[in-house]
There are 2 protein chains.
Amino acid sequence: MASLAMFTAQPVTSTDKIFIQLRTDIVEGFIPSGSKLSETELSTKYAVSRAVIREAINRLESCHLIERKANVGARIVALTMEGLVELYQVREALEGMAARLAATHMSDAEVADLNDLLSTHFETVQTGESYYQEAGDLDFHYRIIVGSKNHQLISMLIDSIYHLIRMYRVQLGMAGPRVTTAFDEHRHIVQAISNRDAELAEMLMRRHILYSKRNLERKLA
Amino acid sequence: MASLAMFTAQPVTSTDKIFIQLRTDIVEGFIPSGSKLSETELSTKYAVSRAVIREAINRLESCHLIERKANVGARIVALTMEGLVELYQVREALEGMAARLAATHMSDAEVADLNDLLSTHFETVQTGESYYQEAGDLDFHYRIIVGSKNHQLISMLIDSIYHLIRMYRVQLGMAGPRVTTAFDEHRHIVQAISNRDAELAEMLMRRHILYSKRNLERKLA
DNA sequence: TGCAGCGTAATTGTCGACAATATTGCTGAT
DNA sequence: ATCAGCAATATTGTCGACAATTACGCTGCA
C-alpha cells in the first residue's frame, strides 16, 4: 500500500540520507527531545564528514525540529504544551485552507482516489488492524494537502509542520485512539470535497483538527 | 524610527552576513530572478569560503527564495502569477489568524504602541512622504504578527513569507500606491484589536490582504 | 564556603583541496 | 544535416585541518 514514502523525494546525496535518518531518529524519539546534537559525535557515529552533518542539521532547523545558537550548537526542540497548542492553531488554519482549495482544485480522478482510500481505510478499521491507522490517517491528510495545488502551502505542511506533529504524537504515545470517530470525520470531509463544497470542507477539516488537538491535550494532562 | 531591523537578529557569524546580503540582493532584484547562483563565483565575489556560501544558500532555500537541485545548483525562484496567488492565499490565512490571536494576546502596552504607530503613520501620510510607506506598512503587519505570540506562526511569516512578498512588491515596482485606503484599513484593524474583537480583526485583516492582492494583480496584468 | 579570574579543553566556524556528478562541445557515423 | 557517443570542462558534494569562540574546571582570595 502506498504510504508516506510516496510524498518524500528519495535521497540522492549523502547529506539527504543523514538528514532523513536524523529526522526519523528525532521524530521517533530515538534521540531524546531536548538533547544536544554534537557535530563531531554524529560525524563519527555515521562515518561521514562534519560538513555533511552540518548541512543535515541546517535542514533540520528549517523544519523547526532543532534550534541552533551560533558558536554553541544545536538542541532538539523541547515538547511543551504551549508548543503543541501553537502548532495545532497553525495546522487548523493551514489544513482548513487546504481542504477548501482541494474541494475546488482536485481532479475528479483524485477525488475518486480519495474515496477509494476511505474504503480501504474502512475495511482496515473493520478488521481491527489499528496498525495501519497512523499511516492511513497521514495518507488521507497528505492527499488533501497535495490536492490544494498550492505549492507554498504543501511545502509548509509536509516539509516541516507534519514532522513536528508526528513527533508530538509518537512521543506522547498516541497509538490509534479515536479511530472510529476520526473515520467518520474523514468520511464527511471527503463527502464535502466530492460535492465541491469548499466552505463545508474547510469547516469540517478545522473541526476535525480541533477534535484531534483536544484528544492530544487530554492525553498530555 | 524603529523599522524592520527591530525584528531581525543581528548577524554574528560570517555566514549570517552573507545570508542577509544575498537575501537583500535577491529581494531587491540586484540579482535577477531566475538566475543561477554559482558557489565558486559567489565565494570569490564576497571573498569567503565556499562552505559559507553553501550554508547561506541553504538558508535561502528554506526561505523559498531559491530552488536547489542536487549536483546541479541553485536558481533564484521565478516570479509567476500563480506563485503570487498562492503566496497571498497563504498569507491571508496566516495573517488573518495572526490578527485574531493578536486581539486576545497582545498586552495593553502593545496595543497602545500599535495606536501610536498608526498616528505616526497618519502624520507621515499627511505630509506626503510616501517614502516611509513601505517600512511603515511592514512595521504595522510585523507588530500584529508578533502580537499573536504564536512562535510557529511568527517564524513562518517573518522568516520566509514576508521576504518573498517584498520580492514580488519590489520587482513589480509597487511604490506606495493605495496609501490612504490602506491606512483606513489599518485603522479599522487596530480598532478591532483595541476592542479585543478577535473575529472582526481576522475578517478585516483577511480583507485587507485580499485588497492588497487585487492591487498587485492589477499591476501585473 | 563561595565566588571571581584565568587557563585549558572541547565545540563550532571557516578554509582549501580532492572526489563525484553534470554540462558542454567535439567527433564521427548514418 | 542530425544525432549518438565520448572527452574535456566546470560545478557541486565531501573531506580533513586550522581558527575562533565557548564551556568547564582549577586556583586563589575574601
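No hydrogens, no waters, no symmetry mates; every other heavy atom, side chains included, goes into these values. Here is the naming used below: chain letters follow the sequence lines, and residue numbers restart at 1 for every chain.
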Ignoring hydrogens and geometry, is there a side-chain-to-backbone donor-acceptor pair from [X] to [Y] under 3.5 Å?
| X | Y | answer |
| --- | --- | --- |
| B:Ser155 | B:His151 | no |
| A:Asn150 | B:Glu86 | yes |
| B:Ser212 | B:His208 | no |
| A:Arg75 | A:Glu67 | no |
| A:Thr120 | A:Asp116 | yes |
| B:Gln171 | B:Ile26 | yes |

Test of understanding: with side chain to side chain contact (heavy atoms under 4.5 Å, CB included), list the residues that count as partners of [X], not counting sequence neighbours.
| X | result |
| --- | --- |
| A:Ala93 | A:Arg206, B:Met97 |
| B:Ser35 | B:Ile31, B:Pro32, B:Ile76 |
| B:Glu95 | B:Arg91, B:His141, B:Ile145, B:Leu157, B:Tyr162, B:Met205, B:Ile209 |
| B:Thr40 | B:Ser38, B:Arg50 |

Pairing residues for A:Lys213 by the salt bridge (Lys or Arg N to Asp or Glu O under 4.0 Å) criterion, not counting sequence neighbours: none
Partners meeting salt bridge (Lys or Arg N to Asp or Glu O under 4.0 Å) with B:Asp108 (sequence neighbours left out): B:Arg196
Does anything in [range] reach DNA chain D, meaning a heavy atom under 4.0 Å, and if so which residues?
| range | result |
| --- | --- |
| residues 60-76 of chain A | A:Asn71, A:Val72 |
| residues 12-23 of chain B | none |
| residues 38-57 of chain B | B:Ser38, B:Glu39, B:Thr40, B:Arg50, B:Arg54 |

Pair A:His64, A:His163: side-chain N/O donor-acceptor within cut-off below 3.5 Å: no
Donor on one side chain, acceptor on other, A:Asp137 and A:His121, under 3.5 Å: no
Those residues that, when tested against A:Asn115, pass side-chain hydrogen bond (donor to acceptor under 3.5 Å, both in side chains) (two or more places apart): A:Ser194
Nucleotide range of DNA chain D lying under 4.0 Å from chain B heavy atoms: D:dT11 to D:dT14
Terminal axis angle for the helix from C:dT1-D:dA30 to C:dT30-D:dA1, five pairs an end, nearest 10 degrees: 20°
